[in-house]
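Worth knowing before you read on, the calculation uses all heavy atoms, side chains too, and leaves out hydrogens, waters and symmetry mates. Because the structure is predicted, anything quoted here is derived from the model rather than measured. Residue numbers count from 1 along this sequence.
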Amino acid sequence: LSVRNGKIVNWRGIGSRGLDLWGKGVRISGIQASTNYIGILANELSVMDQCEAHFNVSDGIIARGTLAGCAATHNGDAGIRAYVGSTLRDCSSSQNGGEGFNVGAGSTLAGCSAFKNALQGIGTYEGCTLSGCTASYNTNWGISAGSGSVVRDCAASYNSRVGISIASQCLVENCQASNNGENSPSDGAGIGTYGKQNRIEGNNVVSNNFGIDVNSASNLIVRNSASANRTNFAVVSGNHLGTVQATPVGAGAWDNFGF
């Protein structure tokens with residue numbers, strides 16, 4: 001089944017969906033859903049591209065499958081809610097009343113952006129991979145990744161609490177986090193974790209409340225640069241923290257930099 005190129009509006013009864021497709025393997029392309037209770041709902045193995053969901057009462061898009069180039073704005077709850085094992089590429093979610101993205105375990109996000117969402121920008125469950133994603137001006141967390149996730153080449157800025165928050169056994173690598181945590185003086189940070197067995201490597205954190213904030217033991221923190229944060233490295237004892245240097249001159253390969 002394939003559904004293409006149309007607009008669906010004003011199905012606003014509680015629980016109603018603008019487009020409701022429970023069959024497996026449905027392809028949805030070029031659909032615009034607005035002012036419904038839920039914008040678009042698609043079952044597992046669905047393939048969705050260039051769809052939009054705006055001003056729906058609850059979620060904008062709910063799907064399990066592959067989403068590409070989809071956009072969700074001004075929905076009452078989550079902009080895009082993707083269940084386990086989904087893949088999202090080049091999707092955007094902004095100014096929604098809940099999360100920008102709520103993503104199930106084992107999913108992949110690439111090139112997605114979350115802007116000014118009321119709960120958090122991108123929230124994932126366990127074992128997800130995020131690459132090249134951007135989260136800015138969201139309330140609470142820009143990116144919040146579940147245990148066993150990989151966050152690579154992402155940018156998080158001006159989020160009210162933490163730019164990139166991770167659980168346990170995660171890798172955060174080559175990310176940029178700036179100007180996060182203004183509204184959370186006790187725990188606002190560029191990159192933060194209360195988990196363990198994480199690897200935080202090669203990131204740049206600038207002008208956050210805390211640059212890198214690690215509140216549990218047994219994490220590895222190496223090759224990061226931190227500048228103009230209230231505290232560059234707030235790392236409790238029991239972690240493996242590369243020496244914090246002020247200059248690269250004479251520094252070791254695993255050292256961090258604070259200036």
Side-chain angles (χ1 to χ4, degrees), residues 3-22 26-44 46-104 107-125 128 130-145 154-156 158-160:
V3 180
R4 299 177 182 271
N5 302 332
K7 294 183 179 181
I8 305 164
V9 299
N10 292 334
W11 290 85
R12 298 180 65 86
I14 294 176
S16 298
R17 290 99 172 187
L19 183 62
D20 188 348
L21 298 170
W22 276 103
V26 175
R27 184 172 186 100
I28 308 164
S29 179
I31 296 298
Q32 192 177 99
S34 60
T35 62
N36 305 287
Y37 190 81
I38 295 172
I40 300 171
L41 187 149
N43 203 359
E44 60 184 295
S46 57
V47 177
M48 188 180 305
D49 68 275
Q50 305 302 318
C51 292
E52 300 179 8
H54 310 302
F55 294 101
N56 296 287
V57 174
S58 183
D59 294 339
I61 295 171
I62 302 175
R64 180 181 175 188
T66 300
L67 291 81
C70 294
T73 63
H74 293 99
N75 298 287
D77 201 347
I80 297 176
R81 192 181 300 273
Y83 290 119
V84 294
S86 292
T87 299
L88 295 85
R89 298 191 306 271
D90 302 321
C91 295
S92 64
S93 189
S94 62
Q95 300 184 75
N96 297 287
E99 297 166 291
F101 295 86
N102 180 302
V103 181
S107 295
T108 298
L109 295 89
C112 294
S113 63
F115 172 75
K116 212 171 186 179
N117 296 286
L119 183 57
Q120 64 179 343
I122 301 171
T124 81
Y125 288 85
C128 291
L130 297 85
S131 61
C133 295
T134 302
S136 58
Y137 291 97
N138 299 286
T139 303
N140 294 318
W141 302 273
I143 295 170
S144 178
C154 293
Y158 294 98
N159 300 288
S160 70

* **CZ on Arg89 to SG on Cys112, rounded to 0.5 Å** => 9.5 Å
* Exercise: identify the closest heavy-atom pair between Asn96 and His74 -> OD1-N, 3.3 Å
* To do: Taking all heavy atoms of Ala72 and all of Ile80, pick out the closest pair and write down the distance.
  => CB-CG1, 3.9 Å
* **Nearest heavy-atom neighbours spanning Gly142 and Ala135** => O-CB, 3.4 Å
* Just by modelled atom types, is the Gly65 backbone N or O under 3.5 Å from a matching donor or acceptor in the Ser86 side chain? -> yes
* Can you measure from SG (Cys51) to CG (Asp49) and round to the nearest 0.5 angstrom? => 6.5 Å
* To do: Kindly indicate whether the side chain of Arg12, heavy atoms from C-beta on, has any atom under 4.5 Å from the side chain of Thr35.
  => yes
* **Heavy-atom donor-acceptor pair, Asp59 side chain to Ala78 backbone, under 3.5 Å** => yes
* Asked: Could you go step by step and tell me if Thr124 and Leu109 meet the side-chain contact (heavy atoms from CB on, under 4.5 Å) rule?
  -> CA-CA 10 Å; Thr124 81; Leu109 295 89; 4.3 Å; yes
* Expected output: side-chain Asn43 to main-chain Leu21 donor-acceptor under 3.5 Å -> no
* Does any non-hydrogen side-chain atom of Arg4 lie less than 4.5 Å from one of Arg27? -> yes
* **Partner residues of Asn56 under the side chain to side chain contact (heavy atoms under 4.5 Å, CB included) criterion, sequence neighbours left out** => Asn36, Ala53, Asn75
* Is there side-chain contact between Val103 and Tyr83, with heavy atoms separated by less than 4.5 Å? -> no
* Asked: Looking at Cys70 and Gln50, what are the two nearest heavy atoms and their distance?
  -> SG-N, 4.0 Å
* Using the side-chain contact (heavy atoms from CB on, under 4.5 Å) rule, take Tyr125 and Asn102 through it: C-alpha gap first, then chi angles, then the decisive distance, then the call. => CA-CA 8 Å; Tyr125 288 85; Asn102 180 302; 3.7 Å; yes
* Structure fact -> Value for OG1 (Thr87) from CZ (Arg64), rounded to nearest 0.5 Å, stands at 11.5 Å
* Asked: When rounded to the nearest 0.5 angstrom, what distance separates OG1 in Thr134 from CD1 in Ile143?
  -> 7.5 Å
* To do: Can you see which heavy atom on Glu52 is nearest to which on Ile40, and at what distance?
  => O-CD1, 4.2 Å
* Asked: Do Cys133 and Ile122 come close enough that some side-chain heavy atom pair is under 4.5 Å?
  -> yes
* **Inter-residue atom distance Phe101.CZ - Ser93.OG, 0.5 Å rounding** => 5.0 Å
* Answer whether the closest heavy-atom distance between the side chains of Thr139 and Leu119 falls below 4.5 Å. => no
* To do: Kindly determine whether Leu67 and Ile61 satisfy side-chain contact (heavy atoms from CB on, under 4.5 Å), including the steps that lead there.
  => CA-CA 10 Å; Leu67 291 81; Ile61 295 171; 3.9 Å; yes
* To do: Taking the side chain as every heavy atom from C-beta outward, state whether Thr73 and Gln95 have any pair of such atoms under 4.5 Å apart.
  => no
* Asked: Is the backbone N or O of Trp141 less than 3.5 Å from a side-chain atom of Asn159, with the two atoms forming a donor-acceptor pair by type?
  -> no
* To do: Output yes when a side-chain donor or acceptor of Asn117 lies under 3.5 Å from a complementary backbone atom of Gly98, and no otherwise.
  => no
* So do Ile31 and Val3 actually touch side chain to side chain, heavy atoms under 4.5 Å? -> yes
* Donor-acceptor contact below 3.5 Å, side chain Ser94 vs main chain Phe115 -> no
* Structure fact -> Correct closest heavy-atom pair for Ser144 and Gln120 would be CB-OE1, 3.2 Å
* Structure fact -> When rounded to the nearest 0.5 Å, the distance separating CG of Asn138 from OG of Ser160 is 8.5 Å
